[in-house]
Engineer: 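Just passing along the structure, written as structure tokens.
All values derive from a computational prediction rather than experimental measurement.
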Amino acid sequence: MTSHLPPVRRTAAQQELLHAALTDLWEQRISFNQVLGLKVLSLQPSDVRVAVTMRPDLVGHYAYGRLHGGVISATLDALAGLALMVALGEKHCDESAEQVMHRFGRMGTIDLRVDYLRQAVGSRFVAQAEVTRLGGRIGSTQMRMHSDSGALVATGAASYVVS
């Protein structure tokens, strides 16, 4: 008789290593994220959040000082990929941080939709993503971005190759 025991989760120390590696990858090693100034706020499976602070070089309309739509789209795209990385880490909770990090080499966006709901005016924007499906080859997400006043400025949906 074969036993189907649940996988042994990585230790708390290994989980911290994974979070540190994900943050380093996302904030330091992905150059475009550095250009945008994206910062990780939370890597909890049910709460993956990032922030972007407004700067003059991110302005999309000189007269209004609003965040450029391309910055919004790129932030939501990058965030969705990060949420899938976190979900893959949970799916493969029996693997070390190093093993999980190797899984991200083939990830890529295959579909992205962004709905711009209102002008993105503010000094800081926070975006959150939720993984809606994580299959063996494809992962799907939904994202939201809020201004520092709490206004919902954009939503998005995206799909990624994850294998």
Engineer: If we ignore angles and hydrogens, is there a donor and acceptor under 3.5 Å between the side chains of Gln28 and Gln34?
Structural biologist: yes
Engineer: Return the minimal non-hydrogen interatomic distance between His92 and Val100, and the atom names on each side.
Structural biologist: O-CG2, 3.9 Å
Engineer: Any chance you could measure Gln128, atom CD, to Ser46, atom OG, to the nearest 0.5 Å?
Structural biologist: 8.5 Å
Engineer: Is the side chain of Asp94 donor-acceptor paired with the backbone N or O of Val8 at a distance under 3.5 Å, no angle test?
Structural biologist: no
Engineer: Please report the interatomic distance CG(Leu117) to OG1(Thr155), rounded to the nearest 0.5 Å.
Structural biologist: 5.0 Å
Engineer: Looking only at non-hydrogen atoms, find the nearest pair between Ser163 and Gly136 and report the distance.
Structural biologist: CB-O, 3.3 Å
Engineer: Passes side chain to side chain contact (heavy atoms under 4.5 Å, CB included), Leu25 versus Thr23? Steps please.
Structural biologist: CA-CA 5 Å; Leu25 169 70; Thr23 300; over 6 Å; no
Engineer: Does the side chain of Met145 come within less than 4.5 Å of Leu76's, by heavy atoms?
Structural biologist: yes
Engineer: Could you tell me if the side chain of Arg118 sits less than 4.5 Å from the side chain of Leu152, heavy atoms only?
Structural biologist: yes
Engineer: How far does OH of Tyr64 sit from CD of Gln119, to the nearest 0.5 angstrom?
Structural biologist: 6.5 Å
Engineer: Val48 pairs by side-chain contact (heavy atoms from CB on, under 4.5 Å) with which of Leu41, Val131, Leu79, Leu84?
Structural biologist: Leu79
Engineer: Give a yes or no on this: more than 12 heavy atoms of other residues, nucleotides or ligands lie within 6.0 Å of atom CZ of Arg106.
Structural biologist: no
Engineer: Say you draw a straight line from OG of Ser159 to CZ of Arg113; how long is it, rounded to the nearest 0.5 Å?
Structural biologist: 12.5 Å
Engineer: Measure the spacing between CG of Asp77 and OG1 of Thr75 and express it to the nearest 0.5 Å.
Structural biologist: 9.5 Å
Engineer: Can a salt bridge be assigned to the pair Arg29 and Asp24 using a cut-off of 4.0 Å between side-chain N and carboxylate O?
Structural biologist: yes
Engineer: Could you go step by step and tell me if Leu134 and Lys91 meet the side chain to side chain contact (heavy atoms under 4.5 Å, CB included) rule?
Structural biologist: CA-CA 9 Å; Leu134 180 58; Lys91 181 177 181 178; 3.9 Å; yes
Engineer: Check the hydrophobic clustering (I, L, V, M, F, W, Y; side-chain heavy atoms under 4.5 Å; chains of links allowed) and say if Leu67 and Val126 are grouped together.
Structural biologist: no
Engineer: At their closest point, which heavy atom of Arg124 faces which heavy atom of Ala51, and how far apart are they?
Structural biologist: NH2-CB, 3.4 Å
Engineer: Please report the shortest heavy-atom distance between Leu58 and Thr53, naming the atom on each side.
Structural biologist: CD1-O, 3.7 Å
Engineer: Quick one: OG on Ser31 to CG on Leu36, what's the gap to the nearest 0.5 Å?
Structural biologist: 11.0 Å
Engineer: What are the two closest non-hydrogen atoms of Tyr160 and Thr109, and how far apart are they?
Structural biologist: CE2-OG1, 3.0 Å
Engineer: Do Val50 and Trp26 have side chains that approach each other closer than 4.5 Å (heavy atoms only, starting at C-beta)?
Structural biologist: yes
Engineer: Is there a donor-acceptor pair closer than 3.5 Å between any side-chain N or O of Thr132 and the backbone N or O of Ser140?
Structural biologist: yes
Engineer: Got a salt bridge between Asp47 and Arg49, using NZ or NE/NH1/NH2 to carboxylate O under 4.0 Å?
Structural biologist: yes
Engineer: Is there a side-chain contact between Glu95 and Arg103 (heavy atoms, below 4.5 Å)?
Structural biologist: yes
Engineer: Should Ile72 and Val35 be counted in the same cluster of Ile, Leu, Val, Met, Phe, Trp and Tyr side chains packed under 4.5 Å apart?
Structural biologist: yes
Engineer: State, yes or no, whether a side-chain contact exists between Glu27 and Asn33 at a heavy-atom distance under 4.5 Å.
Structural biologist: no
Engineer: Report the residue from Val71, Asp148, Val121, Val59 that forms a side-chain contact (heavy atoms from CB on, under 4.5 Å) with Met54.
Structural biologist: Val59
Engineer: Under 3.5 Å, is there a donor-acceptor pair between the side chain of Tyr116 and the main chain of Gly69?
Structural biologist: yes
Engineer: Under 4.5 Å between side-chain heavy atoms, counting indirect links through other Ile/Leu/Val/Met/Phe/Trp/Tyr residues: same cluster for Val153 and Val114 or not?
Structural biologist: yes
Engineer: Kindly say whether Ala154 contributes a backbone atom to a donor-acceptor pair with the side chain of Arg144 at under 3.5 angstrom?
Structural biologist: no
Engineer: What I want to find out is whether Glu90 reaches Arg9 closely enough, with some N-O distance under 4.0 Å, to be called a salt bridge.
Structural biologist: yes
Engineer: Less than 4.5 Å apart, side chain to side chain, heavy atoms only: is that true for Leu17 and Glu98?
Structural biologist: no
Engineer: Looking at side-chain heavy atoms only, is the closest gap between Leu88 and Met107 below 4.5 Å?
Structural biologist: yes
Engineer: Check for me, please, whether Val40 and Phe32 land in the same ILVMFWY cluster - side-chain distances under 4.5 Å, paths through other members count.
Structural biologist: yes
Engineer: For Leu38 and Ala78, which heavy atoms make the closest approach, and how far apart are they?
Structural biologist: CD1-CB, 4.2 Å
Engineer: Is there a chain of hydrophobic side chains (I, L, V, M, F, W, Y, each step under 4.5 Å between heavy atoms) that links Ile138 to Leu82?
Structural biologist: no
